[in-house]
2 protein chains.
Amino acid sequence: MTAAAPAPRGRAASRGRIDKRQAILDAAFTVFANRGYAGACMEEIAEVAGVAKHTVYNHLGDKESLFHAAMEAAGSAVMAENLALAEQLTVDQSAVASTAGGQADPVRTRLEDVGRLLLHQCCDPRSWALRRLLHAEITRFPDLLEAVWGRGADRLRQTLADRMARLSLAGLLRPCDPVEAAEQFLALLTGPMEARSQLGTRPVPDAERELVAHAAVSTFLRAYRDAAPGASPSPSSLPATA
Amino acid sequence: MTAAAPAPRGRAASRGRIDKRQAILDAAFTVFANRGYAGACMEEIAEVAGVAKHTVYNHLGDKESLFHAAMEAAGSAVMAENLALAEQLTVDQSAVASTAGGQADPVRTRLEDVGRLLLHQCCDPRSWALRRLLHAEITRFPDLLEAVWGRGADRLRQTLADRMARLSLAGLLRPCDPVEAAEQFLALLTGPMEARSQLGTRPVPDAERELVAHAAVSTFLRAYRDAAPGASPSPSSLPATA
DNA sequence: GCGAATTTGCACTCGTCAGTGCAGATTAGA
DNA sequence: TCTAATCTGCACTGACGAGTGCAAATTCGC
């Protein structure tokens with residue numbers, strides 16, 4: 001994951017000690033998440049990692065480097081999971097054809113599956129901690145954006161846009177800007193979670209996430225598939241209920 | 001705004017000195033936003049406020065109280081602006097009737113206006129700083145949620161839901177859950193801004209906000225007005241373009 | 001087991017910062 | 001003008017934490 005450690009010194013150092021480096025990175029992320037950058041102290045990080053303070057300095061230099069490395073590692077981990085999910089968003093043509101006249105709806109099902117899974121990861125305490133730290137320190141460490149997001153949320157958006165383009169081209173969605181579709185799909189999914197989870201401080205029950213995913217997909221499909229292509233902007237075309 | 005100061009001591013104190021209190025709160029918010037809670041120092045706050053360190057302690061007690069007060073003040077200010085905006089979301093019936101068969105679309109226009117303005121505020125540096133600080137310190141100061149959000153984003157959502165209910169009842173939107181509609185409208189608007197403004201560190205040009213607002217309203221209306229009410233989940237009802 | 005690198009515990013320096021105390025300047029109100 | 005409150009500048013304490021140095025213990029590769 002964290003692409004080959006910079007090999008602290010001479011030839012040795014890439015021994016069975018790599019797990020110690022990882023333990024330090026994990027501990028660092030935990031402590032930074034709990035206390036914030038300025039509030040975290042190196043001693044506690046060492047303690048949580050089960051390691052002497054000196055060892056932390058030996059492996060990862062000063063506090064700032066440690067922070068950077070810990071954030072990058074956490075970001076890479078989250079990114080890998082998310083990306084794997086987004087790539088699942090494919091609807092094989094056979095499934096579409098075989099249910100052409102039936103009641104099944106493979107596109108909807110697939111979107112809901114992916115949405116559900118994305119929300120699950122997005123609500124993971126680790127994800128929230130990462131997001132919070134990013135928000136917290138972004139003004140003091142602008143490089144974090146590239147290091148954490150450039151390898152995470154950004155590529156997720158791209159991958160998702162690719163899938164949208166495929167769906168649109170296959171006629172499963174109306175013709176649209178796939179980037180915009182991906183952006184709005186993600187917005188519909190994750191937007192509501194911020195308030196519902198109270199910035200990640202409240203655990204959101206599975207059922208509630210399910211609900212949000214369902215609502216997001218419904219709205220998305222209404223807009224990107226079911227809507228009349230040239231829907232008249234005039235209110236005279238309303239169903240005029242009640 | 002910040003409901004009558006607690007009147008530090010005896011009878012006096014509510015003199016022309018209230019502006020000094022406000023200056024301290026403003027300075028505190030600025031410094032906290034720049035340095036984070038742990039990284040901010042009282043001396044700098046006093047300096048920015050143009051006041052002696054002692055005066056800060058006299059007016060607002062210790063660092064924690066000051067932080068709480070500054071966040072609450074900033075939250076109230078942002079809330080007032082947002083709420084005033086959401087309440088603008090009304091479409092008077094005469095406008096609807098007079099353009100019944102024409103090309104104007106009062107609902108879309110109104111939604112876009114409100115969306116544009118909401119985005120404008122949402123991208124304000126002050127708003128971003130507040131959000132960032134909230135994310136940053138929420139685990140250490142859980143009360144902030146109630147103090148800042150309970151009086152802000154939460155009421156915005158409520159107000160917006162009220163407007164949605166009106167629109168739906170008036171037949172200008174399809175029958176729907178107004179709370180969900182408000183939630184998704186906000187998500188479509190503000191969701192994309194997080195990435196586009198890079199967590200508030202990049203100033204988003206007016207034109208880009210305009211674009212996002214337009215796209216959000218288009219998708220929202222497609223889903224909440226133009227979509228066929230009982231849109232079949234079967235892919236056989238597709239327009240099958242291209 | 002041997003030697004080299006690593007790890008550990010401890011003590012130490014240095015800087016920062018919250019919060020307080022005090023004496024003198026300033027200001028508001030009567 | 002007089003009085004009482006407030007504001008200011010300055011010095012000070014006490015706590016905390018980053019980063020370093022060193023000698024002894026440990027561990028790894030061979």
Side-chain angles (χ1 to χ4, degrees), chain A residues 5-71 137 140-141, chain B residues 5-71 137 140-141:
Chain A
R9 245 155 260 182
R11 54 150 189 82
S14 67
R15 291 197 285 221
R17 296 288 187 249
I18 293 185
D19 48 346
K20 205 155 264 192
R21 184 189 155 96
Q22 192 55 46
I24 294 173
L25 287 177
D26 289 348
F29 182 75
T30 303
V31 174
F32 281 133
N34 286 339
R35 314 260 191 217
Y37 175 76
C41 84
M42 299 294 273
E43 192 131 12
E44 188 183 356
I45 292 175
E47 195 175 311
V48 171
V51 132
K53 189 165 63 154
H54 242 347
T55 309
V56 177
Y57 283 99
N58 280 345
H59 275 270
L60 291 142
D62 61 7
K63 194 180 184 185
E64 198 170 321
S65 312
L66 173 58
F67 182 58
H68 204 87
M71 289 293 280
E137 306 299 340
R140 275 156 319 258
F141 301 101
Chain B
R9 242 153 265 183
R11 53 154 190 79
S14 67
R15 293 196 283 221
R17 296 287 186 247
I18 293 186
D19 49 346
K20 207 156 262 191
R21 184 188 156 96
Q22 191 56 46
I24 294 174
L25 287 177
D26 288 348
F29 183 74
T30 303
V31 174
F32 281 132
N34 285 340
R35 313 261 192 216
Y37 175 76
C41 84
M42 299 294 273
E43 192 132 11
E44 189 183 356
I45 292 174
E47 195 175 311
V48 171
V51 132
K53 189 166 62 155
H54 241 346
T55 310
V56 176
Y57 283 100
N58 280 345
H59 274 271
L60 290 144
D62 60 7
K63 194 180 183 183
E64 199 170 320
S65 310
L66 173 58
F67 182 57
H68 204 87
M71 289 294 280
E137 307 298 340
R140 267 140 347 240
F141 302 100

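Below, read A as the first sequence line, B as the second, and so on, with proteins coming before strands; counting in each chain starts at 1.
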Please report, rounded to the nearest Å, how far the [atom2] atom of [N] is from the [atom1] atom of [X].
{"X": "B/Lys63", "N": "C/dG19", "atom1": "NZ", "atom2": "P", "result": "8 Å"}
{"X": "B/Arg35", "N": "C/dA18", "atom1": "CZ", "atom2": "P", "result": "12 Å"}
{"X": "B/Lys20", "N": "D/dA5", "atom1": "NZ", "atom2": "P", "result": "18 Å"}
{"X": "B/Asn58", "N": "C/dT20", "atom1": "CG", "atom2": "P", "result": "10 Å"}
{"X": "A/Ile24", "N": "C/dT6", "atom1": "CD1", "atom2": "P", "result": "13 Å"}
{"X": "B/Leu60", "N": "C/dA18", "atom1": "CG", "atom2": "P", "result": "15 Å"}
{"X": "A/Asp62", "N": "D/dG19", "atom1": "CG", "atom2": "P", "result": "5 Å"}

Would you please name every residue forming a side chain to side chain contact (heavy atoms under 4.5 Å, CB included) with A/Ala33, sequence neighbours left out?
A/Ala129, A/Leu133

Pairs where residues 28-37 of chain A contributes a residue and the test side-chain hydrogen bond (donor to acceptor under 3.5 Å, both in side chains) is met, not counting sequence neighbours
A/Arg35-A/Glu44

Roughly how far, to the nearest 0.5 Å, is the [atom2] atom of [Y] from the [atom1] atom of [X]?
{"X": "B/His68", "Y": "B/Leu60", "atom1": "NE2", "atom2": "CG", "result": "12.0 Å"}
{"X": "A/His59", "Y": "A/Gln22", "atom1": "NE2", "atom2": "CD", "result": "11.5 Å"}
{"X": "A/Ile45", "Y": "A/Asp26", "atom1": "CD1", "atom2": "CG", "result": "12.0 Å"}
{"X": "B/Arg140", "Y": "B/Glu64", "atom1": "CZ", "atom2": "CD", "result": "11.5 Å"}

When every non-hydrogen atom of A/Asp62 is compared with those of A/Met42, the smallest separation belongs to C-CE, 4.3 Å

A/Phe32 and A/Ala40: which non-hydrogen atoms are nearest, and at how many Å?
CD2-CB, 3.4 Å

Between its two end axes (five pairs each) the helix from C/dG1-D/dC30 to C/dA30-D/dT1 turns, nearest 10 degrees, through 50°

Report all side-chain donor-acceptor pairs from residues 48-56 of chain A shorter than 3.5 Å, counting only partners two or more places apart or in another chain.
none

Contacts to DNA chain D from residues 36-43 of chain A, heavy-atom cutoff under 4.0 Å, which residues?
A/Ala40, A/Cys41, A/Met42

Within residues 44-54 of chain A, those residues having any heavy atom closer than 4.0 Å to DNA chain D are A/Lys53, A/His54

Among D/dT20, D/dC7, C/dT7, which nucleotide has an atom closest to any side-chain atom of A/Tyr57?
D/dT20

Please tell me if B/Thr55 has a side-chain N or O lying less than 4.0 Å from either OP1 or OP2 of D/dT8.
yes

